[in-house]
Amino acid sequence: MAYWLFKTEPDAFSLDDLQQAPQQTTVWEGVRNYQARNFIRDEIKLGDQVMIYHSSCKHVGVVGIATVTKAAYPDLTQFDLSSDYYDAKATHDNPRWYVVDVTYQSRLNKLVSLKSIKANPAITELVLKKAGRLSVMPVTANDWQQIMAMAAD
DNA sequence: GCCAACGTTGGC
DNA sequence: GCCAACGTTGGC
């Protein structure tokens, strides 16, 4: 089982929204970055654990945990003309973008802020600490445990 | 709302 | 295939 971090803008889709969704589950659609796509399509497996991170908002940081409940399949919004995520170059035979399903698991006792993550020297690998545009990123077991410990303080 | 970082596009 | 221009992300 591997660990991941997914970013979301809470104004668009928050941890609360996930918790209140049918079956507390959502399709994680709309990822349009190749590096993130490759993680989704090639590496993220059923049962993997996901930290949900709120970006572009007042309280930026990790807020909760979700579980991957369906492995990668084509993102249907790429074929939908009415969607913001429509991609004219994607075909059903050769999809360009993929999704997984994630299910709410838990809320952290407290938000682990980006600031506190950056300030923690024990978090050594997390991509967030450096350049931050990637919306889906791997998390090492050590970094995962560090963040969970920070949430428990 | 600003702006730095960085990904993507397109001309050559 | 390079790289400048442009667009987007995301923290502040």
Side-chain angles (χ1 to χ4, degrees), chain A residues 2-21 26-44 48-68 72-102 104-140 142-153:
Chain A
Y3 298 114
W4 304 94
L5 183 146
F6 288 6
K7 284 184 190 171
T8 184
E9 297 187 14
D11 290 346
F13 189 84
S14 67
L15 185 68
D16 283 344
D17 293 327
L18 180 60
Q19 189 173 13
Q20 290 160 20
T26 195
V27 181
W28 203 266
E29 64 191 15
V31 172
R32 293 292 182 272
N33 167 286
Y34 286 105
Q35 203 180 347
R37 188 281 309 270
N38 291 345
F39 287 133
I40 290 172
R41 188 188 59 184
D42 304 334
E43 297 191 39
I44 298 181
D48 282 359
Q49 299 285 102
V50 177
M51 285 180 162
I52 302 297
Y53 174 93
H54 282 174
S55 68
S56 298
C57 60
K58 190 168 183 182
H59 302 293
V60 170
V62 177
V63 291
I65 308 299
T67 305
V68 176
Y73 58 102
D75 185 342
L76 295 178
T77 63
Q78 71 193 304
F79 309 124
D80 178 359
L81 268 169
S82 68
S83 170
D84 288 344
Y85 299 125
Y86 176 73
D87 185 339
K89 293 177 180 170
T91 65
H92 283 84
D93 284 344
N94 192 15
R96 181 177 284 193
W97 307 110
Y98 287 78
V99 294
V100 292
D101 289 0
V102 297
Y104 175 88
Q105 183 173 102
S106 61
R107 180 177 306 276
L108 300 187
N109 290 328
K110 66 179 193 189
L111 173 140
V112 178
S113 69
L114 178 61
K115 190 177 174 184
S116 66
I117 289 170
K118 284 183 171 172
N120 184 348
I123 296 173
T124 53
E125 305 296 327
L126 195 61
V127 177
L128 270 183
K129 293 197 81 168
K130 310 175 198 112
R133 299 185 65 190
L134 194 58
S135 60
V136 168
M137 68 185 77
V139 180
T140 64
N142 173 69
D143 288 350
W144 181 280
Q145 286 159 17
Q146 293 293 336
I147 291 169
M148 295 304 275
M150 291 164 79
D153 281 346

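Throughout, protein chains are lettered first and strands after them, A, B, ... in sequence-line order, and every chain is numbered starting at 1. When reading the values below, keep in mind they use all heavy atoms of this one structure, side chains included, and skip hydrogens, waters and symmetry mates.
- Atom P of nucleotide B:dA5 and atom CG of A:Leu114 are separated by 15 Å, given to the nearest angstrom.
- Of the listed nucleotides (B:dG7, C:dG11, B:dT8), B:dG7 has the atom at the smallest distance from the side chain of A:Arg133.
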Distance-only criterion, 3.5 Å: show the donor-acceptor pairs between side-chain atoms of residues 108-119 of chain A and protein atoms not counting sequence neighbours.
{"residue": "A:Ser113", "atom": "OG", "partner": "A:Ser116", "partner atom": "N", "Å": "3.0"}
{"residue": "A:Ser113", "atom": "OG", "partner": "A:Ser116", "partner atom": "OG", "Å": "3.1"}
{"residue": "A:Ser116", "atom": "OG", "partner": "A:Ser113", "partner atom": "N", "Å": "3.2"}
{"residue": "A:Ser116", "atom": "OG", "partner": "A:Ser113", "partner atom": "O", "Å": "2.8"}

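- A donor-acceptor pair shorter than 3.5 Å can be found between the side chains of A:Asp101 and A:Tyr73.
- In this model, a donor atom of one side chain and an acceptor atom of the other lie less than 3.5 Å apart for A:Gln49 and A:Gln105.
- One atom, NZ of A:Lys118, and another, P of C:dG10, lie 12 Å apart when rounded to the nearest Å.
- Note on ring orientation: taking the six-membered ring where Trp is involved, the planes of A:Trp144 and A:Tyr3 are parallel (angle under 30°, cut-offs 30° and 60°).
- When the P atom of B:dT8 is taken as reference, atom CG of A:Asn33 falls 6 Å away, rounded to whole Å.
- Side-chain N/O atoms of A:Lys7 include none lying less than 4.0 angstrom from OP1 or OP2 on C:dT9.
- As a whole-Å value, the separation of A:Arg37 CZ from B:dG7 P is 15 Å.
- Summarising the geometry, the separation between CG on A:Leu128 and P on B:dC6 is reported as 13 Å, rounded to the nearest angstrom.
- Residues A:Thr91 and A:Asn94 bring no donor and acceptor atom of their side chains to less than 3.5 Å of each other.
- At a non-hydrogen distance threshold of 4.0 Å, A:Tyr53, A:Ser55, A:Ser56 from residues 50-59 of chain A come into contact with DNA chain C.
- Following rounding to the nearest Å, A:Trp97 (CH2) and B:dG7 (C1') show an atom-to-atom distance of 11 Å.
- Atom P of nucleotide C:dT9 and atom CD of A:Gln35 are separated by 15 Å, given to the nearest angstrom.
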In residues 32-42 of chain A, what donor-acceptor pairs under 3.5 Å come from side-chain atoms, sequence neighbours left out?
{"residue": "A:Arg32", "atom": "NE", "partner": "A:Tyr85", "partner atom": "O", "Å": "3.3"}
{"residue": "A:Arg32", "atom": "NH1", "partner": "A:Asp75", "partner atom": "OD2", "Å": "3.0"}
{"residue": "A:Arg32", "atom": "NH2", "partner": "A:Asp75", "partner atom": "OD2", "Å": "3.4"}
{"residue": "A:Arg32", "atom": "NH2", "partner": "A:Thr77", "partner atom": "OG1", "Å": "3.0"}
{"residue": "A:Arg32", "atom": "NH2", "partner": "A:Tyr85", "partner atom": "O", "Å": "2.9"}
{"residue": "A:Asn33", "atom": "OD1", "partner": "A:Gln35", "partner atom": "N", "Å": "3.0"}
{"residue": "A:Asn33", "atom": "OD1", "partner": "A:Ala36", "partner atom": "N", "Å": "2.9"}
{"residue": "A:Tyr34", "atom": "OH", "partner": "A:Arg96", "partner atom": "NH1", "Å": "3.3"}
{"residue": "A:Arg37", "atom": "NH1", "partner": "A:Arg96", "partner atom": "O", "Å": "2.7"}
{"residue": "A:Asn38", "atom": "ND2", "partner": "A:Tyr34", "partner atom": "O", "Å": "3.4"}

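- Here the C1' atom of nucleotide C:dG10 and the CD atom of A:Glu9 are 8 Å apart, to the nearest Å.
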